[in-house]
Amino acid sequence: MNMNQNTKQVTFEQIKQDPDIRTYIKKADESLIALGFTEHSFAHVGLVAENSRYILETLGYPAREVELAQIAGYLHDIGNLVNRIDHSQSGAVMAFRILDHMHLPAQEIAEIVTAIGNHDEGTGRPVSPMAAALILADKSDVRRSRVRNQDKSTFDIHDRVNYSVTKAELKINESKTLIKLKLHIDTRYGSVMDYFEIFLNRMTLCRRAAETLGLQFKLIINEQQLV
């Protein structure tokens with residue numbers, strides 16, 4: 001029997017509406033709440049999915065590959081359900097099981113799992129265009145609304161940096177040679193040096209990811225180019 005007869009095209013909207021997936025995302029974020037992390041729930045994964053789509057769509061990748069990148073973005077943090085440590089790898093294994101049960105073609109599952117397994121700056125590398133787009137989309141999500149702690153006097157450095165970012169924009173230029181992460185930081189809450197202290201490795205990975213896509217990466221904070 002032709003195994004391809006058992007595969008089917010699953011849409012991003014089906015992934016978003018799947019009740020089991022929503023449960024995994026919610027419960028994973030609850031674990032991070034207990035650990036004191038910033039928001040990693042539907043707002044975060046939704047934005048990462050959207051920016052993954054934006055990057056590959058803008059660069060002219062096929063529509064189905066763009067949709068697979070959205071799916072990878074939406075599922076990328078479910079490994080936090082298992083443990084924060086090595087969450088990209090455990091999330092990739094979880095995604096494999098979910099998508100296999102949904103009968104996606106092996107080629108599509110492989111692309112998504114590879115991207116998820118390589119999105120974290122500790123061990124990840126931009127080994128494919130989808131992985132590169134996911135890295136850029138994930139690492140650019142810095143914003144005030146991710147901070148859960150309401151007591152500013154007890155902010156740690158991650159709270160300060162995220163709270164200080166009043167505007168963040170990820171844009172590819174018209175000639176498709178540059179991708180810019182533009183941040184506006186309110187320095188009453190966090191400094192530019194604070195940002196680099198915790199995000200330097202992420203920005204280095206973003207530069208590598210941009211290069212994989214044939215782009216230069218530029219970080220602009222308060223209208224000053226820093227990378």
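Excluded from the calculations below are hydrogen atoms, water molecules and symmetry mates; all remaining heavy atoms, backbone and side chain alike, are included.
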Note to self: Is it true that, when you exclude Gln107 itself, more than 12 heavy atoms of the residues, nucleotides or ligands shown sit nearer than 6.0 Å to its CD?
What the structure shows: no
Check: Is there side-chain contact between Phe217 and Lys180, with heavy atoms separated by less than 4.5 Å?
Finding: no
Notebook entry, point to check: Counting only heavy atoms not in Ile85, do more than 12 fall under 6.0 Å of its CD1?
Noted result: no
Item checked: Short N-O contact, Arg208 and Glu211, less than 4.0 angstrom -> no
Item checked: Non-hydrogen side-chain atoms of His119 and His87 separated by less than 4.5 Å -> yes
Item checked: Euclidean distance, Leu205 CG relative to Leu136 CG, rounded to 0.5 Å -> 8.0 Å
Margin query: Can a donor-acceptor pair be found, under 3.5 Å and without considering hydrogens, that links the side chain of Asp29 to the backbone of His40?
Written below: yes
Notebook entry, point to check: Same cluster or not: are Leu213 and Leu178 linked, directly or through other Ile, Leu, Val, Met, Phe, Trp or Tyr residues, by side-chain heavy atoms under 4.5 angstrom apart?
Noted result: no
Next item on the list: Please lay out, stage by stage, how Val161 and Tyr189 fare under the test side-chain contact (heavy atoms from CB on, under 4.5 Å).
Entry: CA-CA 7 Å; Val161 167; Tyr189 300 105; over 6 Å; no
Next item on the list: Measure the shortest side-chain to side-chain distance between Arg97 and His101 over non-hydrogen atoms and say whether it is less than 4.5 angstrom.
Entry: yes
Next item on the list: Report the distance from atom OG of Ser41 to atom CD1 of Ile33, rounding to the nearest 0.5 Å.
Entry: 7.5 Å
Notebook entry, point to check: Between Asp159 and Thr38, is any side-chain donor less than 3.5 angstrom from a side-chain acceptor?
Noted result: no
Next item on the list: Could you give me the CA-CA distance, side-chain angles and deciding distance for Gln70 and Lys16, then say whether side-chain contact (heavy atoms from CB on, under 4.5 Å) is met?
Entry: CA-CA 10 Å; Gln70 286 181 281; Lys16 280 181 66 177; over 6 Å; no
Margin query: Check whether Ser140 reaches the backbone of Ala137 with its side chain - one donor and one acceptor, N or O, closer than 3.5 Å.
Written below: yes
Next item on the list: Determine, stepwise, if the pair Phe199 / Glu121 fulfils side-chain contact (heavy atoms from CB on, under 4.5 Å).
Entry: CA-CA 10 Å; Phe199 288 149; Glu121 64 270 20; over 6 Å; no
Item checked: Taking every non-hydrogen atom, the tightest pair across Val147 and Gln150 -> O-NE2, 4.1 Å
Notebook entry, point to check: Which heavy atom of Pro105 sits nearest a heavy atom of Thr7, and at what distance?
Noted result: CA-CG2, 3.7 Å
Next item on the list: Sequence neighbours left out, what pairs pass salt bridge (Lys or Arg N to Asp or Glu O under 4.0 Å) with at least one residue falling in residues 166-179?
Entry: none
Margin query: Ignoring hydrogens and geometry beyond distance, is a side-chain donor-acceptor pair present between Thr114 and Glu111 at under 3.5 Å?
Written below: no
Margin query: For a quick test of reading the model, state the closest non-hydrogen atom pair linking Phe42 to Arg22 and the distance between them.
Written below: CZ-O, 3.5 Å
Margin query: Looking only at side-chain N and O atoms, does His184 offer a donor or acceptor that is under 3.5 Å from a partner on Thr166?
Written below: yes
Check: So does Lys218 have more than 12 non-hydrogen atoms from other groups sitting under 6.0 Å from NZ?
Finding: yes
Check: Which pair of non-hydrogen atoms, one from Ile78 and one from Ala28, has the smallest distance, and what is that distance?
Finding: O-CB, 4.1 Å
Margin query: Under a 3.5 Å distance rule, please check whether Asp194 uses its side chain to pair with a backbone N or O of Ser191 as donor and acceptor.
Written below: yes
Item checked: Hphob cluster co-occupancy, Ile220 + Leu215, side-chain heavy atoms under 4.5 angstrom -> no
Item checked: Single-linkage hydrophobic cluster, 4.5 Å side-chain cutoff, Ile179 and Val142 together -> yes
Margin query: To the nearest 0.5 Å, what is the distance between CG on Leu99 and CD1 on Ile21?
Written below: 7.0 Å
Check: Quick one: does Gln17's side chain have a donor or acceptor within less than 3.5 Å of a partner on Gln14's backbone?
Finding: no
Check: What about Val93 and Tyr24, same hydrophobic cluster or not, with Ile/Leu/Val/Met/Phe/Trp/Tyr joined at side-chain heavy-atom distances under 4.5 Å?
Finding: no
Notebook entry, point to check: Nearest heavy-atom pair of Ile221 and Leu226: which atoms, and what distance?
Noted result: CD1-CD1, 3.5 Å
Margin query: Rounded at 0.5 Å granularity, tell me how far CD in Glu67 sits from CD in Glu108.
Written below: 8.5 Å
Check: Distance from Leu181 atom CG to Leu183 atom CG, nearest 0.5 Å?
Finding: 4.0 Å
Review item, side-chain donor-acceptor pairs of residues 123-134, under 3.5 Å, at least two apart:
residue : atom : partner : partner atom : Å
Thr123  : OG1  : Gln89   : NE2          : 3.0
Ser128  : OG   : Ala131  : N            : 3.1

Next item on the list: Any chance you could measure Arg143, atom CZ, to Arg146, atom CZ, to the nearest 0.5 Å?
Entry: 5.5 Å
Next item on the list: With the side chain counted from C-beta on, respond yes when Tyr74 and Ile25 share a heavy-atom pair under 4.5 Å apart, and no when they do not.
Entry: yes
Atom pairs and distances, donor-acceptor, side-chain atoms in residues 43-57, under 3.5 Å, two or more places apart:
residue : atom : partner : partner atom : Å
His44   : ND1  : Asp141  : OD2          : 2.6
His44   : NE2  : His76   : NE2          : 3.2
His44   : NE2  : Asp77   : OD2          : 3.3
His44   : NE2  : Asp138  : OD1          : 3.0
Glu50   : OE1  : Arg53   : NE           : 3.2
Glu50   : OE2  : Arg53   : NE           : 3.3
Glu50   : OE2  : Arg53   : NH2          : 2.4
Ser52   : OG   : Val48   : O            : 2.8
Arg53   : NH1  : Glu57   : OE1          : 2.2
Tyr54   : OH   : Ile172  : N            : 2.8

Next item on the list: Show your reasoning for whether salt bridge (Lys or Arg N to Asp or Glu O under 4.0 Å) applies to Arg148 and Glu39.
Entry: CA-CA 7 Å; Arg148 298 188 233 251; Glu39 181 267 326; over 6 Å; no
Checklist line | Intermediate values then yes/no, side-chain contact (heavy atoms from CB on, under 4.5 Å), Ile112 and Leu104 | finding: CA-CA 11 Å; Ile112 293 168; Leu104 267 75; 4.2 Å; yes
Margin query: For a 4.5 angstrom cut-off between non-hydrogen side-chain atoms, does Thr187 reach Asn222?
Written below: yes
Note to self: Quick one about Thr177 and Asn173 (side-chain donor to acceptor, distance below 3.5 Å, no hydrogens or angles considered), yes or no?
What the structure shows: yes
Check: Under 3.5 Å, side chain of Arg160 to main-chain N/O of Gly190, donor-acceptor pair present?
Finding: no
Item checked: Intermediate values then yes/no, side chain to side chain donor-acceptor pair (under 3.5 Å), Thr154 and Asn149 -> CA-CA 8 Å; Thr154 62; Asn149 183 2; 2.9 Å; yes
Notebook entry, point to check: Would you say Val192 and Val165 are hydrophobically clustered, going by side-chain heavy atoms of ILVMFWY under 4.5 Å?
Noted result: yes
Next item on the list: Compare every heavy atom of Leu75 with every heavy atom of Ile15, then report the nearest pair and how far apart it is.
Entry: CG2-CD2, 4.1 Å
Next item on the list: Could you tell me whether the side chain of Val227 reaches within less than 4.5 Å of the side chain of Phe196, counting heavy atoms only?
Entry: yes
